[in-house]
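Here the structure comes first, spelled out in structure tokens, and everything after it is commentary.
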Amino acid sequence: MKGKKLITRREFIKRTSLAAVGGAVFLTKPEWAALNAARPAGPAQQANKSKVVLVRNKDVLNEQGRPVAEVVQEMLDAAVNALTGKPEAVSSWKTFIKPDDIVGIKTNVWTYIPTTAEVENALKKRAMDAGVKEANIGIDDRGVLRHPVFLKATALINARPMRAHHWSGVGTLIKNYIMFVPDPDNYHGDSCASLASIWEKPQVKGKTRLNVLGMLTPQFHAVGPHSFNPKYVWSYYGFLVGFDPVAVDATGLRIIQAKRQEFFGEDRPLSPPAKHIFTADTQYHLGTADPNKIELVKIGYDQDIFI
Amino acid sequence: MSQSLEKLNTVLPAEVSGWKKADPPQAYDKNNLFDYIDGGAELYISYNFQKLLAVRYQAAADEEIVVDIFDMGSSYNAFGLFSHGREREDGLEGQGSEYNAGLLTFWKDRFYVSILAYPETEAKKEIVLGLGRKLADAVPKDGELPPVIGFLPRAHLIPESIRYFHHYIWLNSHFFVASQNILLIDDETQAVLAKYETLDKPFHLLIAQYPDAGKAKEAEQSFLRNYLPDANEGISQFPDGRWTACRVEGNRLSIVFNAPSLEAAVFCLGKVGEARRPED
């Protein structure tokens, strides 16, 4: 029992604050709620908050459960407008994408819950509307280290769905950049706690202009031969969008945890814990995971919203 | 070996309702399972996985039904793997099965089978269940349940909550105890976790059987030291008002977590081992 600090269920129950728990094992909605109650946000905090937009539309999935392109575009436009404060999508995109940018759209091709072509195309369209030449836009996942556009990219759009994950608790925007290193296996230790360090690599550092976390059909529990079980996938009809990947991921995690609470009827923490989201904040300072420092804007369908 | 994966493969038809079987099936063992199950192979390895046969049926370029047949070496481990993932049992195939939204999982004897057709359609569901039936029928006999399950008290037991394992990580998947292996659960440990109904929230009972009494006593001491440092005779009330209690008997350590009352915790521990027979 030497080395890492031992955390037990008893300790978790005994202590009431996040800080006392000492990190990331049980960072679920109730703990954050307790913190919120203890530390109401003041004006200064308000000014420094990371804005996260949750946009939902029940028409985004067709009868087969696949995304409807037009609705995806509308939702992403609405989210980006809310994020920038601009009235329409093209002017919104022009605040963070310039015509001479070389844009890599980092997607995720996992068989069962991919980013989807509908999302990729919606993002590509708006990058082109902002003036970027089509030849200067690349879409890729596992080949980003060899893709000519990604090799010279000046801007990255990070888009992937959220799902429970065997290695990292949840697959996140932070984790989506693991393909930017040649040795992904070296980031699997300690529940992938060091994933945010990848964002310091020259191939990505400072380049991310927009983060889109797919919450159309998230997976809240990972079991089964391929870490996939349709039983644990539900239609949430949403996207979480923001400039701060940690804030977006932390918000998505709260939804996943709330869904788990509802489904299992008890507080069953993710195993392994989604430690990397919180180390991204506390250790790598990539963004904030603290709901006190996140301004959540909700647009659209509000049933079963879990947050 | 009464049956082999290769023989099981032969009962799967070359074509079913327009879906064609891709030949040859892929075979995996402990050394290359990670190539097939990216990120999840540890689960199977920890249950003493021996061999996997992955059979694919294809109808169109982007549509497939995946049949994964795992030889887990023993019925104990096949059941354990099944128990890890199931939330309910529907009795459709084998000795225990669950079908949900395109995924059928079942176990029989030393085999664990997963058949996935996603997204689900009625037509695909029929195929999945049909393939499952063929495979289950081809396994000639039932396997025994892990004997440790026989120690679980029957009254108020929630049968589908029974989880069998011998790695502490899988305990934490269902009931988080501690971030480290304070119960000293390893390959030589036979452990079962189950939930019991109460008028309030269910509580958990863990029974771990160690290779010998010395190891069980060591695990008890570790648990008391790390989890119940203020216990009186192995019993402690938590800040949430619920009770945790442990008892060691021979090579067996039993722990009740979150019982609604002291009496319930002590009563449950007293009933451990009374049944002494495998799950009905």
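Numbered from 1 within each chain, the chains take letters A, B, ... in sequence-line order. For the numbers below, each heavy atom of this structure counts, side chains included, while hydrogens, waters and symmetry mates do not.
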Review point. So does Lys51(B) have more than 12 non-hydrogen atoms from other groups sitting under 6.0 Å from NZ?
Key: no
**Study point:** For Asp140(A), all residues meeting side chain to side chain donor-acceptor pair (under 3.5 Å), sequence neighbours excluded
**Key:** none
**Study point:** Engaged part of Thr105(B) at the chain A interface, taking heavy atoms whose separation is under 4.5 Å
**Key:** neither
Exercise for review: Between chain A and each of Trp170(B), Phe70(B), Tyr112(B), Phe175(B), count heavy-atom pairs under 4.5 Å; write down the option with the most.
Suggested key: Phe175(B)
Revision key, fill the gap. Residue from His84(B), Glu87(B), His174(B), Glu98(B) scoring the most non-hydrogen pairs under 4.5 Å with chain A is Glu87(B)
Exercise for review: Could you pull out all residues at least two apart from Lys108(B) that satisfy salt bridge (charged side-chain N to carboxylate O under 4.0 Å, His left out)?
Suggested key: none
Exercise for review: Taking the side chain as every heavy atom from C-beta outward, state whether Leu116(B) and Pro230(A) have any pair of such atoms under 4.5 Å apart.
Suggested key: yes
Review point. Who among Asn229(A), Thr111(A), Val233(A) has the most heavy-atom pairs with chain B under 4.5 Å?
Key: Asn229(A)
Check your understanding: Does any heavy atom of chain B fall under 4.5 Å from the side chain of Phe228(A), the backbone, both, or neither of them?
Key -> both
Practice item. Indicate yes or no: at least one non-hydrogen side-chain atom of Pro202(B) is less than 4.5 angstrom from one of Glu266(A). Key: no
Check your understanding: More than 12 heavy atoms of other residues, nucleotides or ligands under 6.0 Å from NZ of Lys30(B): is that the case?
Key -> yes
Point to revise | Nearest-0.5 Å distance, OG1 of residue Thr8(A) to CZ of residue Phe223(B) | key: 9.0 Å
**Study point:** chain A contact via Ser236(B) - side chain, backbone, both or neither, heavy atoms under 4.5 Å
**Key:** side chain
Review point. Do you know which two heavy atoms are closest between Gly85(B) and Lys231(A), and how far apart they sit?
Key: O-NZ, 3.3 Å
Check your understanding: Hey, what do you get for CG (Leu43(B)) to NE2 (His166(A)), rounding to the nearest 0.5 Å?
Key -> 6.0 Å
Check your understanding: Is the number of heavy atoms from other residues, nucleotides or ligands within 6.0 Å of CZ (Arg66(A)) greater than 12?
Key -> no
**Study point:** Within 6.0 angstrom of Gln221(B) CD, more than 12 heavy atoms from elsewhere
**Key:** yes
